[in-house]
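Structure first, commentary second.
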Amino acid sequence: MEPVIVFFVLFLALLLLGIPVATSLGFTAIALIWKYNLGIQVLSPNFYANIAKFQLLALPFFILAGLILDRCGISRRLIRFISLLVGPIPGGLAIVTIIVGVIFAGISGSGPADTAALGTILFPAMVAMGYDKGFTSALIAGSGSLAIVIPPSIAFIIYGVIASTSVPALFAAGVIPGIIAALLLTIPSVFIAKRRGWHGERWGNRREIWDAFKGAVWGLAAPGVILGGIYGGIFTATEAAVVAVFYGLFLGLVVYRSLTLPMLYGIFRDATLSSAVIMFIVAFAGLFSWTGSTLGVMDKTSSYLLSMSSNPFVILLLVNVVLFIAGMLMDAISIYYIFLPILLPIMKHFQWDPVWFGVVMTMNLAIGQITPPVAVNLYVIANIADISLERISRSIAPFIGIMLVALLITMLFPSLSTSLPALFGLK
Amino acid sequence: MLKKIYEHFEEATCVVLLVIMSLLAFVNVITRYFIQYSFAFTEEVEVACLVWLTMLGAAAGFRRKIHLGFDLLSIRFPNLGKNILLPLASILTIFTVSALIWFSVVQIRVEISLDTMTEALNIPHWLYTLAMPAGGILVILRVIEAAWKELMGGKG
């Protein structure tokens, strides 16, 4: 049988049977290395090298920073401050969710983490105000998906490593498309809220707003500290992640004094577990992708895709349809490792800007995080809200739809992605 | 006490590793920024810690069943899931990780015979490579433990 077919069919079969993603990738790779005599000794050094990359250190640090900043009480303070500003307008708390989602996306780089940070506080608050549980869950998951488009972003770090593209440039490129997506998210939210009669409480008076601002200012400053450091040329992405960790520790231990030692242990433990689960996939996905490239599977697949049309926009649409379907079934990290070796030659062929394409791909995979059946953000919020995945799935459609519009805009106007990196002189 | 150590050994070790990594990285930012000096060894140690953290954390992840997977089939058909898919997943994971252990031991033997040293600290490189077989054994233990609990749990 053709190696191309064995390669994809075996992996897909294992995946659909519910074998853990890391195992599906690793087993397929090992089986093919063995069968086609690619030199099985490569297994150990390849696995090691896939993890041992300096840029990947940013991953556990950003996960840790996000957890610390969430649990030291910043989310709660941000939500209070923004609520007082938004006041009694229709869909008030829905708009608060999206705005805080954007700010938190500027602190954390992971969709599920952002969803959890928003969900633990906003879900009970919104349900108490009469919002529908399904709508609320879907909205929170949708806002959480902004986390990987708005910097910092774990997805961009992985893309940068595989496509050898500058992570700071990718971070800058995600800002405008991310904010456009956030603005678009408010449309279905306000529309549905208005029709169902959900609205915010009241405006805050000047004194309340000022007090809330004083509580929230450290959180509002956090994205500035993280991103300002990178674009001021002070830190690399990895260093910025570490600075964010210590900024969070400073807030939790000195300013708010809300973190205790057992809490810190829990935060560090959760950060290591989340990081290890991702890195274990990274290690085997790297091996999988090496196997595919060595067998020529990746090249063959990209020439096949290229042979389907000579129109770059047709191919771009086709690629995005494939990525969207993949995003329904798989996690974003594996998708980067499996698809980028196929897509890089296509990008080169059409001379697509790798930074812009990174934003397009990441926006697409962000939608994948809220598209059932496999949708990490929906799992997280279903757990917090204690409602079924089916119920959220019924409410998620308008948010998926509007995010697809954001994706289309990102595809059609590359300058939305490339102008900020150019402004900062990043390539 | 022993039970607690047994249950949380990997997680506690990972926490220590992440604390070390964060401190090293932070000290390096500070010294580089303020006295324009950066320690060459920090990057090497941080990266090695990341490999250890990945392997130990992966083991803990199997105990807690937090590894990502497509579980629609086993949710729809719980019997199929428990009796066929779970054992299959466990066996394939054990096979995959066993292969990793086997060839990392081969790599370690080569490194010992060639006296391969690390670049910055100049210590034997197999101390870093060891993360794969040592962590791999823990992964296998945790996979068996989790599968055992699941299979037994349903009967009682």
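The figures that follow rest on heavy atoms only: side chains count, while hydrogens, waters and symmetry mates do not. Proteins come first, then strands; the chains are lettered A, B, ... in the order of their sequence lines, and each starts at number 1.
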Checklist entry - Should the ring pair A/Phe288 and A/Phe7 be called parallel, tilted or perpendicular, given that the plane angle runs from 0 to 90° and is split at 30 and 60? => result parallel
Item to check | Contacting moiety of A/Leu64, where chain B heavy atoms sit under 4.5 Å | outcome: side chain
Next on the checklist: Taking side chain as everything from C-beta outward and backbone as N, CA, C, O, which of these in A/Phe246 sits under 4.5 Å from a heavy atom of chain B? Side chain, backbone, both or neither.
Outcome noted: side chain
Checklist entry - Looking at B/Arg32, B/Met55, B/Glu10, B/Arg64, which has the largest count of heavy-atom pairs under 4.5 Å with chain A? => result B/Arg32
Item to check | Largest heavy-atom contact set with chain B, pairs under 4.5 Å, which of A/Ile281, A/Val242, A/Thr236 | outcome: A/Val242
Checklist entry - Can you tell me if A/Tyr48 and B/Gln107 form a side-chain donor-acceptor pair at under 3.5 Å? => result no
Checklist entry - Where does B/Glu46 contact chain A at under 4.5 Å (heavy atoms): side chain, backbone, both or neither? => result both
Item to check | Side chains of B/Thr118 and B/Glu44, donor plus acceptor under 3.5 Å | outcome: yes
Checklist outcome for this item: The interface call for A/Leu17 against chain B, heavy-atom contacts under 4.5 Å, is both
Checklist entry - For A/Val42, is it the side chain, the backbone, both or neither that has a heavy atom under 4.5 Å from a heavy atom of chain B? => result neither
Next on the checklist: Under a 3.5 Å cutoff, is there a donor and acceptor pairing between the side chains of B/Glu145 and B/Tyr6?
Outcome noted: yes
Item to check | Residue B/Phe62 versus chain A: region with a heavy atom under 4.5 Å | outcome: side chain
Checklist entry - Can you tell which of A/Pro60, A/Ala271, A/Gly26, A/Pro45 has the highest number of heavy-atom pairs within less than 4.5 Å of chain B? => result A/Pro45
Item to check | Top contributor to chain A interface from B/Leu86, B/Leu100, B/Ile108 [non-hydrogen pairs under 4.5 Å] | outcome: B/Leu100
Next on the checklist: I'd like to know which of B/Ile30, B/Asp71, B/Ile66 tops the heavy-atom pair count under 4.5 Å against chain A.
Outcome noted: B/Ile66
Item to check | Salt-bridge contact A/Arg71-A/Asp270 (side-chain N to carboxylate O under 4.0 Å) | outcome: yes
Next on the checklist: At a 4.5 Å cut-off on heavy atoms, which part of B/Leu73 comes close to chain A: side chain, backbone, both, or neither?
Outcome noted: side chain
Checklist entry - Tell me, side chain or backbone of B/Val105 under 4.5 Å from chain A's heavy atoms, or both, or neither? => result neither
Next on the checklist: Contact between A/Ile148 and A/Ser110 at the side-chain level, heavy atoms closer than 4.5 Å - yes or no?
Outcome noted: no
Item to check | Any A/Leu14 side-chain heavy atom under 4.5 Å of A/Thr23 side chain | outcome: no
Item to check | Segment of B/Val106 engaging chain A (4.5 angstrom heavy-atom cut-off) | outcome: neither
Checklist entry - With a 4.5 Å limit on heavy-atom distance, are the side chains of A/Thr272 and B/Glu11 in contact? => result no
Checklist outcome for this item: Comparing B/Val19, B/Val47, B/Thr54, B/Leu53 against chain A, the one with the most heavy-atom pairs below 4.5 Å turns out to be B/Thr54
Next on the checklist: Using heavy-atom distances under 4.5 Å, tell me whether B/Ser104 contacts chain A through its side chain, its backbone, both, or neither.
Outcome noted: both
Item to check | Note, A/Ile30 side chain near B/Phe95 side chain (heavy atom, < 4.5 Å) | outcome: yes
Checklist entry - Checking B/Leu72 against chain A: side chain, backbone, both or neither under 4.5 Å from a heavy atom? => result side chain
Checklist entry - Do B/Trp126 and B/Thr116 touch side chain to side chain, with heavy atoms closer than 4.5 Å? => result no
Checklist entry - Please walk me through it: do B/His8 and A/Tyr265 pass ring-ring contact (aromatic ring centres under 6.0 Å, His included)? => result CA-CA 12 Å; B/His8 301 290; A/Tyr265 178 82; 8.0 Å; no
Item to check | Salt bridge flag under 4.0 Å for residues B/Glu7 and B/Lys3 | outcome: yes
Checklist entry - Heavy-atom distance under 4.5 Å to chain B: side chain of A/Phe54, backbone, both or neither? => result both
Item to check | Side chain, backbone, both or neither of B/Phe26 within contact of chain A (heavy atoms, under 4.5 Å) | outcome: both
Item to check | Contact origin within A/Ile40 toward chain B - heavy atom pairs under 4.5 Å | outcome: both
Checklist entry - Looking at B/Ser98 and B/Ile94, what are the two nearest heavy atoms and their distance? => result OG-O, 2.5 Å
Next on the checklist: Less than 4.5 Å to any heavy atom of chain A: does that hold for the side chain of B/Ala12, its backbone, both, or neither?
Outcome noted: both
